[in-house]
Amino acid sequence: MSQRNEKAALSSTKSRVRLGSVRVRTTLAVMLVSLVLVALTDVIHLRHQMQQRQEGIALGGGLQPAASVNKVGFALNPAATPEAASPAAANNALTQPQAWIDWRAQLPAIVVRDLALVLLLSFVLMLVLDRMLLRPLRRMAQHADDFDPTLPPPEPEPRQVNELARISHSISRAQQSLWLQLQEERRHAEQMRLELERQQANLRQAEQSLAQKSQELGRLSRIDGLTGLANRREFDEALRREFKRAQRQRGQLALAVLDLDHFKNFNERYGVAAGDAALLRFAQLLSERFKRDTDLVARLGGEEFVALLPGFGLGTTQNLLEQLREDLRELQLQHEGGVNGQVLTVSIGLAAFSPAHPYLSPQALMQAADEALYIAKHAGRDRLSLAASSGVPERA
């Protein structure tokens, strides 16, 4: 708003400067025209006087005595002069020099009179021009400078019908039309702004919803839908990552593969819903037992689970897994077709990476744990078996 006011003030100042310059030029032009008119009037008057004097001398030259002199100071009797035989020549010789002498004598009075006439005529002409031209122009300029597109223009004043009044009325109507168009454009712009804000809000909401769904999809793509544990994809990435870290830091990494004994018989005997409930309860047991930030428990599929334990060796992991087997027994999940015909049990295969027992790749470590699980199953199930490279006997 301040910048707009400064621009309006600057425009008004420029308009006043232009009008002042126009007024000065108009004044000079009026004075010049007045001076030319007065000068032409003097020249015409002088020529008229000279013609009258010549006509008077030609008509009354023989009636006056030779010694008589007219009021302008030259002889009028041609008989008293040697050139009496030629009256026209004598008249021309005497009249023209005397007329110029008289004109020079009267020149100061003529100059004063002309200046007075010029000033008076200029003043009168300026009054006429100011009232008929400059004043309406100033009003139109002021009206244009005061025009603010954000405010409705004033109604045109009823004035005497003339060309400038018509121009002023046309300018007022143009300003009124421009203001109405501006108001319409502002309303349209406001509607567009509101619509844009609404669209932007919808877009932000859609982006947030899409981001949430993308996160949810990413999470679901890495989580088992039934148990809420990590799935095979998440486990494979974690195994590669932790294996490289153990190799780089020469640390320890334990990997256990767990399989519920005779679980297909469990589903056939008690139903899929009971089987899902048993899987969920076992997954909760794994999460409670291995709850460090670095621990990863995943469901590989069906009744097979896996536990990835960075920083743990064989001894510590073996004790934890044995305790897990006992905790599962204490749940007393009835399984008449199980190992003992009483409760649900689990078989475990365990392999561990360490500087003393290194593996060449994550796949080799996983294969060693699978082989240990195979051994546990063929040894009678419901037991923990260590990988062959560990050199530690299995526990029943």
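In this structure a side-chain-to-backbone donor-acceptor pair under 3.5 Å is missing from Thr316 to Phe312. When atom types are taken as modelled, the side chain of Ser347 and the backbone of Arg381 share no donor-acceptor pair closer than 3.5 angstrom.
Two residues are said to be in side-chain contact when any heavy atoms from C-beta on lie closer than 4.5 Å; Phe282 and Glu303 fail this criterion. Arg198 has its side chain out of reach of Leu194: every pair of non-hydrogen atoms, C-beta onward, lies at least 4.5 Å apart. Annotation: side chain of Thr345 is not in contact with side chain of Arg325 (no heavy-atom distance under 4.5 Å). The shortest side-chain heavy-atom distance between Leu324 and Phe290 falls under the 4.5 Å cut-off. The shortest distance between side-chain heavy atoms of Leu321 and Asn319 does not fall below 4.5 Å. With a 4.5 Å cut-off on side-chain heavy atoms, Leu331 and Val343 do not count as touching. Side-chain contact between Glu242 and Lys244 is absent, with no heavy atoms from C-beta onward closer than 4.5 Å. The shortest distance between side-chain heavy atoms of Arg299 and Leu258 does not fall below 4.5 Å.
Listed here is the closest heavy atom pair of Phe263 and Ala278: CE1-CB, 4.1 Å. Taking every heavy atom of both residues into account, Arg292 and Leu309 meet most closely at NH2-C, 3.9 Å. Scanning all heavy atoms of the two residues, the minimum distance from Ala372 to Ala387 falls at CB-N, 3.7 Å. Of all the heavy atoms in Phe353 and Pro358, the pair that sits closest is CE1-CA, 3.6 Å. Residues Pro310 and Leu253 share a closest heavy-atom pair of CA-CD1, 3.6 Å. Considering every non-hydrogen atom in both Gly275 and Asn267, the closest pair reads CA-OD1, 3.1 Å.
In this structure, Gln205 places its CD atom where only 12 or fewer heavy-atom neighbours from other residues, nucleotides or ligands lie under 6.0 Å away. Within a 6.0 Å radius of CG in Leu360, other residues, nucleotides and ligands contribute 12 heavy atoms or fewer.
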Worksheet item: Can you list the steps and then say if Leu300 with Met366 is a side-chain contact (heavy atoms from CB on, under 4.5 Å)?
Response: CA-CA 12 Å; Leu300 298 183; Met366 183 66 186; 3.7 Å; yes
Practice prompt. Could you please spell out the steps behind the side-chain contact (heavy atoms from CB on, under 4.5 Å) verdict for Leu260 and Leu328?
Written response: CA-CA 10 Å; Leu260 296 175; Leu328 180 59; 4.1 Å; yes
Practice prompt. Kindly indicate, with the supporting measurements, whether the criterion side-chain contact (heavy atoms from CB on, under 4.5 Å) is fulfilled by Leu226 and Asp276.
Written response: CA-CA 8 Å; Leu226 176 62; Asp276 291 344; 3.7 Å; yes
Worksheet item: Can you check side-chain hydrogen bond (donor to acceptor under 3.5 Å, both in side chains) on Gln199 and Glu195, steps first, answer last?
Response: CA-CA 6 Å; Gln199 294 292 341; Glu195 180 66 18; 2.9 Å; yes
Practice prompt. Mind running side-chain contact (heavy atoms from CB on, under 4.5 Å) on Leu314 and Leu350 for me, showing each step along the way?
Written response: CA-CA 8 Å; Leu314 282 174; Leu350 175 62; 4.0 Å; yes
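The CG atom of Leu384 sits 11.5 Å away from atom CD1 of Ile375, with the distance rounded to the nearest 0.5 Å. To the nearest 0.5 Å, the span separating NZ on Lys291 from CG on Leu286 amounts to 13.5 Å. Lys264 contributes atom NZ, which lies 9.0 Å from atom CD of Glu268 (distance to the nearest 0.5 angstrom). Within the model, atoms NE2 of His262 and CG of Asp259 stand 10.0 Å from one another, a figure rounded to the nearest 0.5 Å. Note that CG of Leu333 and CZ of Arg281 are 7.5 Å apart. Values are rounded to the nearest 0.5 Å. A distance of 9.0 Å separates OG of Ser361 from CG of Leu239, quoted to the nearest 0.5 Å.
A tilted orientation is assigned to the rings of Tyr374 and His378, their planes being inclined by 30° to 60°. Using the six-membered ring where Trp is involved, Tyr270 and His335 have ring planes that are perpendicular, over 60° apart on the 30 and 60° scheme.
The residue from Val257, Leu229, Asp224, Ile348 that alone fulfils the side-chain contact (heavy atoms from CB on, under 4.5 Å) condition with Phe305 is Leu229. A side-chain contact (heavy atoms from CB on, under 4.5 Å) with His188 is found for one member of Arg186, Met192, Glu190 and no other, namely Met192.
Using a 4.0 Å cut-off between charged nitrogen and carboxylate oxygen, Arg232 and Asp236 count as a salt-bridge pair. Ion pairing between Arg193 and Glu197 holds under the 4.0 Å rule for side-chain N and carboxylate O.
Between Glu336 and Gln334, the side chains place a donor N or O and an acceptor N or O closer than 3.5 Å (distance only, hydrogens not considered).
Connection of Leu279 to Ile223 is not established within any shared hydrophobic cluster, with ILVMFWY side chains joined at heavy-atom distances below 4.5 Å, either directly or through further cluster members.
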